[in-house]
Amino acid sequence: MPPHDVIAAPDPTDVHALPTDRPALAPAEPSSKARYRGLIWLVSAAFFMQALDSTIVNTAVPAIAGALDVTPLSMRTALTSYVLTLAIFIPMSPWLCDRFGTRRVFGGAILVFALGSLLCGVAQSLPQLVASRIVQGLGGAALMPVGRYVLVRSIDRREFVSSMTTVATFGLLGSVFGPLLGGALVEFTNWRLIFLINVPVGIIGLLLNRREMPDYRLDRAHRFDTLGFLLFAGASALCLMAAETLGGDGAHAGHGLAVAGYALGGVALASLYVRHSRRTEFPVSDLSLLKVRSVWVSLAGNLFTRLGVSGMYLLLVLFLQIGCGWSPLAAGLMMVPQAIGSISVKPFIDRLLTYFGYRRLLLGNTIAVSVVLCSFALLTPDSPPWVIVAFVYVYGAVMSLQYTSMNTLAYVDLDVKHASMASSMASTAQYLSMSFGIALASLLMGGFLASHNAQGYVWAFRWSVIVLGLITLAASWIFGRLRDTRSAKAAETAS
């Protein structure tokens, strides 16, 4: 990675070239962060809405299953269909932005997401709910990558990390408070409000989109890579299905064959896509960006980190509710210290990155995340609540630093013209690794579960977090592949 960031000028075919449509490394002038404050709030709200919806359903599964007259296990398709749709359709977002413009695509994404939420809220059967969740995923697939792309295009490089920190904070709040809000709505109101709450938020988002969202697009967009999309979508779907099947109940004889079939099919389609992308001028996912060290390190580090941490909430809820006998609402409240820990460290991330550089910070913090994960094995049913609160708070702090650093690393050495593709690839990798992480955590928990009593779940929880911590430790080796990028001023201060 070069010692400084070089951002090329925008493509000359970019038509809506406004005075603000300039390289991210432009002279400061007035603060771009202040100038685009409304845009930052808009993207933050979209991230919050999407993150909330990704987690809020989990605590409401039994209530929804009872209302729709199905078993809780049957609700699995309603949970996985949303993530599947996100992972499959996110790669379309760069082409959609080039073809129709960021303002129209982002507004359409909000509208489709709100419509899907409304359909979920009025669903009368499981098939209707699954179909509605797919509609939600179609809208959600463009929210995160388009939001990141617009911020990269609009915010000066020196203020980009702090802007992404604000956005990431709202996304984190959505994922943390989702289970708590879901449990509260189910307990005190009706499960349908879990989805209907997105409708007024979507209306406000549409109004803000018209006023605050810049319109970046190309005069003549390239032809969409339909074959590449089908190969990429098929590979992603089969890999996700393999992960979900592997983490599910595998009592029947054909379970292993199904997992192997999905995995082999996914690998075959992925291999065909790699070959196809090398022969296509505008592939749906440009693998040539992986030649940039910071990009492949960011994606690979994200994968191994999320493999270790994505299932942590599921394991902690099982430990608290079954192992310790806590109520669902009390277990949901335990996510609040995580949010506080995350928010408390956010103001310092920009300065820490400037002082230490990405390599030193991610290398050291990944090791810290691994240690914190393993330390959860020290908890017992007799542990005082304040001790568990302290563990969760520290976990939230180190993960906040980890996520923000990883998510911004992918852009530090890329020209602005590649930002849309990088955002799409980062978002796709994020959702794929999240699914794999949840499946892996479920598989570990089931493997270590000797008995279905409280002590059995405590034992399984301890060994599962230790294994996940060791897997996360592997990401530190990946981040060690970065070059030291501390600024000269920071290096002099350190010496």
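Computed over heavy atoms, backbone and side chain alike; hydrogens, waters and symmetry mates excluded.
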Chemist: Return the minimal non-hydrogen interatomic distance between Leu473 and Ser370, and the atom names on each side.
Modeler: CB-OG, 3.6 Å
Chemist: Work out which heavy atom in Gly341 is nearest to a heavy atom in Tyr393; give both atom names and the distance.
Modeler: CA-CE1, 3.3 Å
Chemist: Can you see which heavy atom on Ala142 is nearest to which on Ala109, and at what distance?
Modeler: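 Heavy atoms of Ala142 and Ala109 come nearest at CB-CB, 3.8 Å.
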Chemist: Taking the side chain as C-beta and beyond, is there a heavy-atom pair between Val345 and Thr404 under 4.5 Å?
Modeler: no
Chemist: Working note: Leu409 + Val297, criterion side-chain contact (heavy atoms from CB on, under 4.5 Å); need CA distance, chi angles, decisive distance, verdict.
Modeler: CA-CA 8 Å; Leu409 174 62; Val297 168; 4.1 Å; yes
Chemist: What are the two closest heavy atoms between Ala475 and Gly301, and how far apart are they?
Modeler: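 Smallest interatomic distance, heavy atoms only, reads CB-O, 4.0 Å.
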Chemist: For Trp41, look at atom CH2 and say whether over 12 heavy atoms of other residues, nucleotides or ligands are found less than 6.0 Å away.
Modeler: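 No - once you tally the heavy atoms of other residues, nucleotides and ligands closer than 6.0 Å, there are 12 at most.
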Chemist: For Thr102 and Cys97, indicate whether the former's side chain and the latter's backbone hold a donor-acceptor pair under 3.5 Å.
Modeler: no
Chemist: May I ask you to check whether Phe89 and Phe229 place their ring centres under 6.0 Å from each other?
Modeler: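 Between Phe89 and Phe229, which both carry aromatic rings, the centre distance is below 6.0 Å.
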Chemist: For residues Arg462 and Phe376, determine if any side-chain heavy atom of one lies less than 4.5 Å from a side-chain heavy atom of the other.
Modeler: no
Chemist: Taking Gln402 for the side chain and Val398 for the main chain, is one N or O donor matched with an acceptor at less than 3.5 Å?
Modeler: no
Chemist: Would a 4.5 Å heavy-atom cut-off, applied to side chains only, mark Leu151 and Ile40 as touching?
Modeler: yes
Chemist: Would you confirm whether Ser342, through its side chain, and Gln338, through its main-chain N or O, come within 3.5 Å as a donor-acceptor pair?
Modeler: no
Chemist: Nearest heavy-atom pair of Gly308 and Thr472: which atoms, and what distance?
Modeler: CA-OG1, 3.3 Å
Chemist: CH2/Trp463 to CG/Leu444 distance, rounded to the nearest 0.5 angstrom?
Modeler: 12.5 Å
Chemist: Looking at CG of Leu138 and CD1 of Ile88, how far apart are the two atoms once the value is rounded to the nearest 0.5 Å?
Modeler: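 Result: 10.0 Å between the selected atoms.
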Chemist: Donor-acceptor pair, distance only, cut-off 3.5 Å: does the side chain of Ser310 make one with the backbone of Leu307?
Modeler: no
Chemist: Decide yes or no on side-chain contact (heavy atoms from CB on, under 4.5 Å) for Val43 and Val150, but give the supporting numbers first.
Modeler: CA-CA 9 Å; Val43 177; Val150 172; 5.6 Å; no
Chemist: Does some side-chain heavy atom of Phe224 sit less than 4.5 Å from a side-chain heavy atom of Met92?
Modeler: yes
Chemist: I'd like to know if the side chain of Asn190 and the backbone of Leu193 have a donor-acceptor N/O pair within less than 3.5 Å.
Modeler: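 The answer is no, because no donor-acceptor pair under 3.5 Å joins these two groups.
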Chemist: Look up atom CE in Met406 and atom CZ in Phe479, then write down how far apart they are to the nearest 0.5 Å.
Modeler: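 Atom-to-atom, Met406:CE and Phe479:CZ are 5.5 Å apart.
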Chemist: Can you pull the salt bridge (Lys or Arg N to Asp or Glu O under 4.0 Å) pairs that have at least one residue in residues 129-144, sequence neighbours excluded?
Modeler: Asp53-Arg133
Chemist: State whether the side chain of Asn209 and the backbone N or O of Arg103 hold a donor-acceptor pair below 3.5 Å, judged by distance alone.
Modeler: yes
Chemist: What distance separates Ile110 CD1 from Asn198 CG, expressed to the nearest 0.5 Å?
Modeler: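 Here the rounded value is 11.5 Å.
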Chemist: Would you check if Ile478 and Phe304 make a side-chain contact, meaning some heavy-atom pair closer than 4.5 Å?
Modeler: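 Counting from C-beta outward, Ile478 and Phe304 do come under 4.5 Å.
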Chemist: With rounding to the nearest 0.5 angstrom, report the OG to CH2 distance, Ser464 to Trp459.
Modeler: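 So the OG of Ser464 and the CH2 of Trp459 are separated by 11.5 Å.
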Chemist: How about Ile388 and Leu320: do any of their side-chain heavy atoms sit closer than 4.5 Å?
Modeler: yes
Chemist: Kindly give the heavy-atom pair with the smallest separation between Thr85 and Ala141, and that separation in Å.
Modeler: O-CB, 4.4 Å
Chemist: Aromatic rings Phe232 and Tyr273: how do their planes relate, parallel, tilted or perpendicular, breaks at 30° and 60°?
Modeler: perpendicular
Chemist: Between Leu96 and Val146, does a side-chain contact (heavy atoms from CB on, under 4.5 Å) hold up when you go through it step by step?
Modeler: CA-CA 9 Å; Leu96 290 174; Val146 175; over 6 Å; no
Chemist: Step by step, would you call Phe48 with Ser44 a side-chain contact (heavy atoms from CB on, under 4.5 Å)?
Modeler: CA-CA 6 Å; Phe48 176 84; Ser44 298; over 6 Å; no
Chemist: Do any N or O atoms from the side chain of Ser400 and from the backbone of Gly396 form a donor-acceptor pair under 3.5 angstrom?
Modeler: no
Chemist: Under 3.5 Å, is there a donor-acceptor pair between the side chain of Asn302 and the main chain of Ser298?
Modeler: yes
Chemist: Please work out which of the three classes, parallel, tilted or perpendicular, describes the rings of Phe100 and Trp95, given edges at 30° and 60°.
Modeler: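 Perpendicular: the ring planes of Trp95 and Phe100 meet at over 60°.
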Chemist: Side chains of Val465 and Cys374: does their closest heavy-atom pair fall under 4.5 Å?
Modeler: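 In short, these two side chains do not touch, never coming nearer than 4.5 Å.
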Chemist: Measuring from atom CD1 of Ile471 to atom CD1 of Ile466, what distance do you get when rounded to the nearest 0.5 angstrom?
Modeler: 12.5 Å
Chemist: Which of these passes side-chain contact (heavy atoms from CB on, under 4.5 Å) with Phe391: Val372, Leu379, Leu316?
Modeler: Leu379
Chemist: For Arg192 and Ala123, indicate whether the former's side chain and the latter's backbone hold a donor-acceptor pair under 3.5 Å.
Modeler: yes
Chemist: Could you tell me whether the side chain of Phe106 reaches within less than 4.5 Å of the side chain of Leu143, counting heavy atoms only?
Modeler: yes
